[in-house]
Number of protein chains: 2
Amino acid sequence: MNYIAPTDCPYYLITRVSLTLTSVLKRELADNTLESVKPAYLGVLMCLWTDTAMGEMLSKFGSDDGMKLSELGRRAGLEPSSMTGLIDRMERDGLVCRTDDPVDRRAQKIHLTEKGAQVRDNVFKAVDGMLGKSFTGISPDQMDVAKQVLRQVLTNVNKGS
Amino acid sequence: MNYIAPTDCPYYLITRVSLTLTSVLKRELADNTLESVKPAYLGVLMCLWTDTAMGEMLSKFGSDDGMKLSELGRRAGLEPSSMTGLIDRMERDGLVCRTDDPVDRRAQKIHLTEKGAQVRDNVFKAVDGMLGKSFTGISPDQMDVAKQVLRQVLTNVNKGS
DNA sequence: TCCATATATTACGCATGCATAATATATGGA
DNA sequence: TCCATATATTATGCATGCGTAATATATGGA
C-alpha cells in the first residue's frame, strides 16, 4: 500500500510546524498591540536592532549609518527580489525608512524609525511567548538535537552553492 | 546586547528549512519530468493515492468514488479557503478533476485523472531523493528525536482548538 | 578613457496559505 | 412544513517567497 502517515514524513512535519509557529507568532504580536509587526519582519528587525546596539557600544550614539538592503537580505537569508516587497511593507507600516547610500549610488540604506526601535522589547516578548507556548514539554536535550538536525539540513543543501 | 544568532532561534531554523526542503523538492520534481507536480500538491495526491489503493483492496476496481474537497482539506491540514485555489491549480495541471457529489449537492468530489494516478511512482522517487539529499549525515536516533519534537509542537498548539 | 563584467534594486508574475464574507444546500427540531 | 443553524465551496484581498528580466551604477583592466 505504501501508505505513509503524514506525521511520519519529515517534510510534512516541518512545513506544518513552520506555518503553525508563524500563526502563533502572529497572534502573540496582535496580543501585544504590535499589529504593524508581521512575522516576516523579524529577520530584518533583528539585524537592525543588533546593528544599532553595536553602533552604540562603539560610542557612535545617534550615528545610525543604516544597513544596505542587499546586506540585510544576505543576513536574513532572503533573495534580493524578496527584499523589495518586504522593505516596502515595513516602510508602509512605519518601522523602517530608506535613504540613498552616499557612497554607492546603486544602493539604498535601510534605517530603523523611532517606532521601529521602540517596538523592540515588546517584539522580544511576543517571540518568547510564541516559543514558550509552542515548545512546552520538550527537554533542552531534545531541543538541542532538533536544532542540530535542522542546521545539518541547511548545511547539506547549501553545500553546493 | 541580547543578540541571538539566527541558527540558535528555532523559529528561524524551521522556517528556513521548510523553504529549503520545498526548493529541493521542486528541483527533484523537475529533474524527473514532473513539472506539473508542485510541492503543495503532495498532500492531496497522497490522500487520493491512498484512497484509491484502499478502494482496490476492497475489490471496488474502477469504482473511484472520489473524495470530498472538504475531506481532503481536513486530511491535508489545509483551510477550506486554501483548497479552492489548490484544486484549481491541480485541475489546470491535469492531475485531478471535479464532479458534483451525487448525494450532497453542496459538495464536490475530487478524482485522480489517469495522469494523476500515473505520476505516483515518480513522485515518490522525487520525494525520496529530496529526503535523501537533505537528511544525509543524520542518524535515525536524531531523526526520531527531531520528529518527536515537531509532533509535540503540533500537539501543543492544537490543544486549544 | 572605454568596455566587459559585477553588483544593487526594482518590476512582474507565480505559488502557497490564511482570514473573512458571500452563496448554496442540509438538517434538526417547533 | 418552516426556520435556525451547520456545512461545503467559492470569491477576494493580503502576506510571503522565488525566479527572471530590466535598469542603474561600479569597477577592473586594455
Side-chain angles (χ1 to χ4, degrees), chain A residues 11-12 14-27 29-30 35-44 66-74 76-93 95 98-110 161, chain B residues 11-12 14-27 29-30 35-44 66-74 76-93 95 98-110 161:
Chain A
Y11 180 60
Y12 175 87
I14 287 172
T15 53
R16 200 87 324 251
V17 168
S18 173
L19 287 170
T20 299
L21 291 182
T22 299
S23 152
V24 173
L25 176 56
K26 198 182 285 184
R27 211 177 314 145
L29 288 166
E35 289 80 8
S36 61
V37 180
K38 310 288 163 59
Y41 299 175
L42 265 191
V44 167
M67 198 178 291
K68 280 210 260 187
L69 188 149
S70 48
E71 178 60 22
L72 273 172
R74 265 187 293 275
L78 292 174
E79 293 298 316
S81 65
S82 307
M83 289 299 295
T84 303
L86 180 60
I87 298 297
D88 283 351
R89 289 190 293 278
M90 293 184 71
E91 212 169 11
R92 177 202 64 192
D93 293 336
L95 300 168
R98 286 171 161 102
T99 61
D100 291 336
D101 186 322
V103 184
D104 187 337
R105 294 214 287 161
R106 294 168 304 178
Q108 302 233 312
K109 292 280 201 169
I110 312 301
S161 70
Chain B
Y11 180 59
Y12 175 87
I14 287 171
T15 52
R16 199 91 316 255
V17 168
S18 173
L19 288 170
T20 298
L21 292 182
T22 298
S23 151
V24 173
L25 176 56
K26 198 182 284 181
R27 210 176 317 145
L29 289 166
E35 288 81 7
S36 61
V37 181
K38 309 288 162 64
Y41 299 174
L42 264 190
V44 167
M67 197 177 294
K68 281 211 260 187
L69 188 150
S70 48
E71 178 61 19
L72 273 173
R74 266 187 293 277
L78 293 175
E79 293 298 315
S81 65
S82 307
M83 290 298 295
T84 303
L86 180 61
I87 298 297
D88 283 350
R89 289 189 294 277
M90 292 183 71
E91 213 170 9
R92 177 202 63 191
D93 294 337
L95 299 168
R98 288 169 159 103
T99 61
D100 290 338
D101 186 321
V103 184
D104 186 337
R105 293 215 286 159
R106 296 168 302 179
Q108 302 231 312
K109 292 280 203 171
I110 312 300
S161 71

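Naming convention: chains lettered A, B, ... in sequence-line order (proteins, then strands); numbering from 1 in each chain. Note that the coordinates shown come from a computational prediction; the quantities given were computed from them, not determined experimentally.
- Counting to the nearest Å, the P atom of dT10(D) and the CD atom of E79(B) are 15 Å from each other.
- Put simply, the side chain of R106(A) and the base of dT9(C) share no donor and acceptor less than 3.5 Å apart.
- In this structure, L69(B) atom CG and dG17(C) atom P are separated by 14 Å, rounded to whole Å.
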- List the steps and the verdict of side-chain contact (heavy atoms from CB on, under 4.5 Å) for T15(B) and L21(A). CA-CA 9 Å; T15(B) 52; L21(A) 291 182; 6.0 Å; no

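- Side-chain nitrogen and oxygen atoms of R74(A) include none within less than 4.0 Å of the OP1 or OP2 phosphate oxygen of dT7(C).
- The residue among R16(A) and M83(A) whose nearest nucleotide of DNA chain C lies closer to the 5′ end is M83(A).
- In secondary-structure terms, DNA chain D builds stems of at least 3 consecutive Watson-Crick or G-U pairs, each pair having both distances under 3.5 Å, at C:1-30 with D:1-30.
- In this structure the side chain of E71(B) never reaches within 4.5 angstrom of the side chain of I110(B), judged on heavy atoms.
- Residue A40(A) is the one, among V103(A) and A40(A), whose nearest nucleotide of DNA chain D lies closer to the 5' end (criterion: closest heavy atom).
- Rounded to whole angstrom, the span from the CG atom of L86(B) across to the P atom of dT10(D) amounts to 12 Å.
- Using a 4.0 Å cut-off, no side-chain N or O of R27(A) falls inside it from OP1 or OP2 of dC18(C).
- Contact annotation: S82(A) does not reach the phosphate of dT16(D) (side-chain N/O to OP1 or OP2, under 4.0 Å).
- Contact check, R98(A) against dT10(C): a side-chain N or O comes under 4.0 Å of OP1 or OP2.
- Whole-Å rounding puts the L25(B) CG to dT16(C) P distance at 10 Å.
- The CG-P distance, from L19(B) to dC18(D), rounds to 6 Å in whole Å.
- To the nearest angstrom, P of dC14(C) lies 9 Å from CZ of R92(B).
- OP1 or OP2 of dT10(D) has at least one side-chain nitrogen or oxygen of T84(B) nearer than 4.0 Å.
- Mapping S81(A) and Y41(A) onto DNA chain D by nearest heavy atom places Y41(A) closer to the 5' end of the strand.
- Across all non-hydrogen atoms, the minimal contact from R16(A) to G77(B) is NH1-O, 2.9 Å.
- Contact annotation: R105(B) does not reach the phosphate of dT27(C) (side-chain N/O to OP1 or OP2, under 4.0 Å).
- Among the atoms of the strands shown, only primed sugar atoms or phosphate atoms (P, OP1, OP2) are found under 4.0 Å from some heavy atom of D104(A).
- Protein atom CG of D88(B) is 14 Å distant from nucleotide atom C1' of dG17(C), rounded to whole Å.
- In this structure, K38(A) atom NZ and dT16(D) atom C1' are separated by 11 Å, rounded to whole Å.
- R89(B) has a side-chain polar atom (N or O) that falls below the 4.0 Å cut-off from OP1 or OP2 of dT16(C).
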- Task: Test S18(B) against Y11(A) for side-chain hydrogen bond (donor to acceptor under 3.5 Å, both in side chains), laying out the working first.
- Result: CA-CA 8 Å; S18(B) 173; Y11(A) 180 60; over 6 Å; no

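- Remark: L72(A) CG to M67(A) CE distance equals 5.5 Å, nearest 0.5 Å.
- Using a 4.0 Å heavy-atom distance criterion, S70(A) is classed as a sugar-phosphate-only contact.
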